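These figures come from a predicted structure and were not determined experimentally.
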Amino acid sequence: MKSNSLDALIRLKRFEVEGKRRKVADIEATISDFNYVAAELDRQIATEEDRAGVFDVGYYAYPTFAKLAIQRRANLAASVAELESQLAGARRELREACEELKKIELKRIELLEERDTVGPDSGEVAA
């Protein structure tokens, strides 16, 4: 394989690695945002329960807002669990892409060292 085609392949793989890094970062940011919102909902639920003086979700006078916030918090927790699964897959894909890139870069280094050892004029006859 020629150095030029390896250079193009390396650029392509670097682009792929960067895309996978961005995907991992996006998923991590979304998980962080969801966890922040869930913590805020916990605070709002506690405030609403204190305001109403009712802490039993099954009680008829339990605040409707608190019930809805509990449901939303549960939905966020389910979303975080799904995102964590996606994050594990995205990290695996990133690791694999980095390994592929490393292999190609090592191949390029070997090719350049081989070319330097043989020399650029090895096949030509001096006049």
Side-chain angles (χ1 to χ4, degrees):
M1 192 176 265
K2 290 188 175 190
S3 179
N4 289 341
S5 60
L6 275 178
D7 290 342
L9 186 56
I10 287 171
R11 282 192 303 275
L12 177 66
K13 285 295 178 183
R14 283 181 181 159
F15 182 77
E16 182 181 320
V17 166
E18 286 308 311
K20 292 184 185 301
R21 277 194 182 119
R22 282 190 300 274
K23 182 177 180 180
V24 166
D26 288 346
I27 294 171
E28 288 173 339
T30 302
I31 289 171
S32 177
D33 290 346
F34 283 6
N35 285 332
Y36 174 80
V37 171
E40 182 63 23
L41 285 171
D42 283 338
R43 188 191 63 74
Q44 291 176 358
I45 291 165
T47 300
E48 189 67 17
E49 288 175 341
D50 287 343
R51 186 193 62 74
V54 179
F55 301 93
D56 180 11
V57 178
Y59 189 66
Y60 75 92
Y62 191 79
T64 303
F65 173 80
K67 285 181 185 178
L68 295 173
I70 289 170
Q71 181 60 46
R72 184 163 180 226
R73 183 185 58 194
N75 292 343
L76 284 170
S79 295
V80 166
E82 174 62 29
L83 285 170
E84 286 174 345
S85 172
Q86 290 178 17
L87 180 59
R91 284 181 173 159
R92 185 184 64 252
E93 289 176 9
L94 174 60
R95 187 174 47 254
E96 290 169 359
C98 287
E99 289 170 2
E100 289 177 26
L101 175 60
K102 191 176 203 176
K103 287 178 187 176
I104 295 168
E105 288 175 334
L106 289 173
K107 180 67 175 170
R108 182 177 181 276
I109 290 170
E110 289 173 9
L111 183 66
L112 290 175
E113 288 174 351
E114 182 180 301
R115 187 182 72 191
D116 289 345
T117 303
V118 173
D121 297 328
S122 64
E124 298 179 10
V125 176

- Task: Flag the pair L41 / Q44 as yes when at least one side-chain heavy-atom distance between them is below 4.5 Å, and no otherwise.
- Result: yes
- Item | Which residues share a salt bridge (Lys or Arg N to Asp or Glu O under 4.0 Å) with R95, sequence neighbours left out | none
- Message: Hydrophobic cluster membership, with links at side-chain heavy-atom distances under 4.5 Å among I/L/V/M/F/W/Y: are V17 and L12 in one?
- Response: yes
- Item | OG1 on T117 to CG on L112, rounded to 0.5 Å | 10.5 Å
- Looking at residues at least two apart in the chain, or sitting in another chain, which of them share a salt bridge (Lys or Arg N to Asp or Glu O under 4.0 Å) with K13? E16, E100
- Taking side chain to side chain donor-acceptor pair (under 3.5 Å) as the test, write out the residues that go with D26, two or more places apart. none
- Task: Could you pull out all residues at least two apart from Q86 that satisfy side-chain contact (heavy atoms from CB on, under 4.5 Å)?
- Result: I27, E82, L83
- Quick one: which of E99, E96, E93 gives a salt bridge (Lys or Arg N to Asp or Glu O under 4.0 Å) with K20? E93
- Query: Cluster partners of I45, using ILVMFWY side-chain heavy atoms under 4.5 angstrom, listed by chain and number?
  - Reply: V54, V57, Y59, Y60, Y62, I70
- Message: Can you list everything that forms a side chain to side chain donor-acceptor pair (under 3.5 Å) with R51? Sequence neighbours excluded, please.
- Response: E48
- Note on the structure: For R11, the salt bridge (Lys or Arg N to Asp or Glu O under 4.0 Å) test, sequence neighbours excluded, returns none
- Pairing residues for R92 by the side chain to side chain donor-acceptor pair (under 3.5 Å) criterion, not counting sequence neighbours: none
- Item | Any residue meeting salt bridge (Lys or Arg N to Asp or Glu O under 4.0 Å) with R91, in chain and number order, not counting sequence neighbours | E28
- Give a yes or no on this: more than 12 heavy atoms of other residues, nucleotides or ligands lie within 6.0 Å of atom NZ of K67. yes
- Item | Residues in side chain to side chain donor-acceptor pair (under 3.5 Å) contact with E84, at least two apart in sequence or another chain | none
- Message: Could you see if F65 belongs to whatever hydrophobic cluster contains V37? Use Ile, Leu, Val, Met, Phe, Trp, Tyr and a side-chain cutoff under 4.5 Å.
- Response: no
- Nearest 0.5 Å please: distance from the CG atom of L87 over to the CD1 atom of I31. 5.0 Å
- Item | I10: partners by side-chain contact (heavy atoms from CB on, under 4.5 Å), with sequence neighbours left out | R14, L101, I104, E105, R108
- Qualifying side chain to side chain donor-acceptor pair (under 3.5 Å) pairs, either residue in residues 29-40, two or more places apart: E40-R43
- Hey, is R21 close enough to E18 for a salt bridge, meaning N to O under 4.0 Å? yes
